[in-house]
Number of protein chains: 2
Amino acid sequence: MDIYIPDQEKITMRTMNVAKMSPNRSRLKHSKKRDIILAAFATQNHVTAQKLHNSLAEEGHRISLGTIYRTMRLFCKMGLAQARHCEAKTQYGHTAAKGRHDHLVCTACGNIAEFENQEIERLRKEIAAENGFTLSVHKLELYGLCSLCGHSDN
Amino acid sequence: MDIYIPDQEKITMRTMNVAKMSPNRSRLKHSKKRDIILAAFATQNHVTAQKLHNSLAEEGHRISLGTIYRTMRLFCKMGLAQARHCEAKTQYGHTAAKGRHDHLVCTACGNIAEFENQEIERLRKEIAAENGFTLSVHKLELYGLCSLCGHSDN
DNA sequence: TTAGGTGCAAAGGGTTTGCAAGCCT
DNA sequence: AGGCTTGCAAACCCTTTGCACCTAA
């Protein structure tokens with residue numbers, strides 16, 4: 001249950017009710033299932049809807065895949081989660097959990113390592129400016145093979 | 001028809017017959033359709049199968065989508081093209097056309113700008129090493145809004 | 001009671017595949 | 001002739017949606 005919203009405030013189902021008061025979005029009701037999904041997501045960064053569904057099932061929670069997709073989409077809209085498209089699937093990651101950080105994605109197993117680097121942060125802005133880009137989203141990804149996959153090719 | 005394979009040799013259907021002598025892959029036959037797809041791909045970097053299909057249709061070429069998918073997958077295997085997953089679609093880009101370069105992807109319209117930066121190249125290696133990653137594939141992506149999309153949000 | 005939330009199954013969108021027919025060698 | 005290629009449609013996979021039912025407020 002250690003999810004943070006961008007301004008570093010810890011989020012719970014209660015603070016959530018404040019957070020998602022976004023335009024054209026009606027007020028949320030409290031929901032046990034959403035609580036459960038939030039708790040599971042909090043302990044597993046970079047998960048797919050299917051993975052969440054599986055781990056919840058293992059714990060004996062029957063929550064439909066559809067609900068998980070809907071809930072994760074909601075979390076993204078609230079700024080709690082961030083969707084990433086890896087291969088053909090959508091992975092959901094935590095946002096702002098540890099300040100600005102980027103991802104190192106293993107092209108073999110799909111695992112993701114996080115890193116922070118001030119210099120690259122500066123270059124990022126520089127390169128974006130040179131190309132007329134606005135850095136709305138903080139997202140920089142590096143691809144390679146992680147230590148486990150680096151030996152065997154594939 | 002200006003596609004280059006990694007070792008900088010210009011590729012044509014003829015040189016292709018040499019290039020794709022890969023293991024467990026039988027010898028390719030010459031095919032007009034593949035020639036046409038190659039020519040179209042050469043003039044349009046970062047295209048989806050659907051876009052290629054459309055532009056070919058406009059030129060009066062009737063080539064099925066299935067064939068385009070199969071052919072682009074072949075090009076990737078041969079090192080002629082590189083697949084990238086943007087949103088839910090697969091985009092095919094040229095490989096090694098202009099040496100090492102990275103991508104700046106517009107999160108609104110999907111357009112891709114290419115850039116080269118020596119410093120980031122160095123950092124890339126540094127960061128990968130720090131995290132135990134092997135940089136098999138050269139791929140680094142930055143996300144933001146391009147100059148056209150930067151003003152209107154989304 | 002009323003507006004969300006949920007399950008289920010069907011629909012969607014992109015990509016792959018099986019099969020019969022076509023083409024290169 | 002033999003084998004790679006192609007078109008077509010069906011199959012697939014992941015994700016979204018419609019609808020009827022359930023639940024929080």
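To find a chain, count down the sequence lines: A is the first, B the second, and so on, and within it residues start at 1.
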- Message: Suppose we screen for side-chain contact (heavy atoms from CB on, under 4.5 Å). Which residues come up paired with B:Glu126, at least two apart in sequence or across chains?
- Response: B:Arg122, B:Leu123, B:Glu130

- Item | Any residue meeting side-chain contact (heavy atoms from CB on, under 4.5 Å) with B:Arg73, in chain and number order, not counting sequence neighbours | B:Arg70

- Query: Rounded to the nearest Å, what distance is computed from the CD atom of residue A:Gln91 to the P atom of nucleotide D:dT15?
  - Reply: 10 Å

- Query: To the nearest Å, how far apart are B:Glu87 CD and D:dC13 P?
  - Reply: 23 Å

- Is there a donor-acceptor contact under 3.5 Å linking the side chains of B:Asn54 and B:Glu58? no

- Note on the structure: Exactly one of B:Glu114, B:Lys51, B:Gln91, B:His94 clears side-chain hydrogen bond (donor to acceptor under 3.5 Å, both in side chains) with B:His46, and that residue is B:Glu114

- Message: From NE2 of B:His85 over to C1' of C:dG13, roughly how many Å is that when rounded to an integer?
- Response: 16 Å

- Message: Tell me whether B:Asn117 contacts the main-chain N or O of B:Glu119 through its side chain, where contact means a donor paired with an acceptor under 3.5 Å.
- Response: yes

- Note on the structure: Sorted by chain and residue number, the side-chain contact (heavy atoms from CB on, under 4.5 Å) partners of B:Lys89 (sequence neighbours excluded) come out as B:Thr48

- Message: Can you see if the side chain of B:Arg73 gets near the phosphate of C:dT17 - specifically, an N or O under 4.0 Å from OP1 or OP2?
- Response: yes

- Query: To the nearest angstrom, how far is B:Arg34 atom CZ from D:dG7 atom P?
  - Reply: 12 Å

- Atom CG of A:Asn54 and atom C1' of D:dC14 are separated, to the nearest Å, by 14 Å

Under 3.5 Å between N/O atoms: give me all the protein pairs with nucleotides 18-24 of chain C, atom names plus distance.
unit_1: C:dG18; atom_1: O6; unit_2: B:Arg70; atom_2: NH1; d: 3.3
unit_1: C:dC24; atom_1: OP1; unit_2: B:Lys32; atom_2: NZ; d: 3.4
unit_1: C:dC24; atom_1: O2; unit_2: B:Lys29; atom_2: NZ; d: 3.0

- Message: Expressed as a whole number of angstroms, how long is the span from A:Lys77:NZ to C:dG5:C1'?
- Response: 14 Å

- Take atom CG of A:Leu74 and atom P of C:dA3, then tell me their distance rounded to the nearest Å. 19 Å

- Please name all residues satisfying ring pair (Phe, Tyr, Trp, His ring centres under 6.0 Å) with A:His53, sequence neighbours left out, ordered by chain then number. none

- Message: For the CZ atom of B:Arg84 and the OH atom of B:Tyr92, what is their distance to the nearest 0.5 Å?
- Response: 12.0 Å

- Check the distance between D:dT16's P and A:Met72's CE and give it to me in whole angstrom. 12 Å

- Task: Select base, sugar-phosphate, or nothing to describe what B:Thr48 touches, counting heavy atoms under 4.0 Å on all strands.
- Result: nothing

- Atom OG1 in B:Thr67, atom CZ in B:Arg62: separation rounded to 0.5 Å? 10.5 Å

- Which residues in residues 60-69 of chain B have at least one heavy atom lying under 4.0 Å from any atom of DNA chain D? B:Arg62, B:Ile63, B:Ser64, B:Thr67

- Message: Please pick, from D:dT15, D:dT6, C:dT6, the nucleotide with the shortest atom-to-atom distance to any side-chain atom of B:Lys33.
- Response: D:dT6

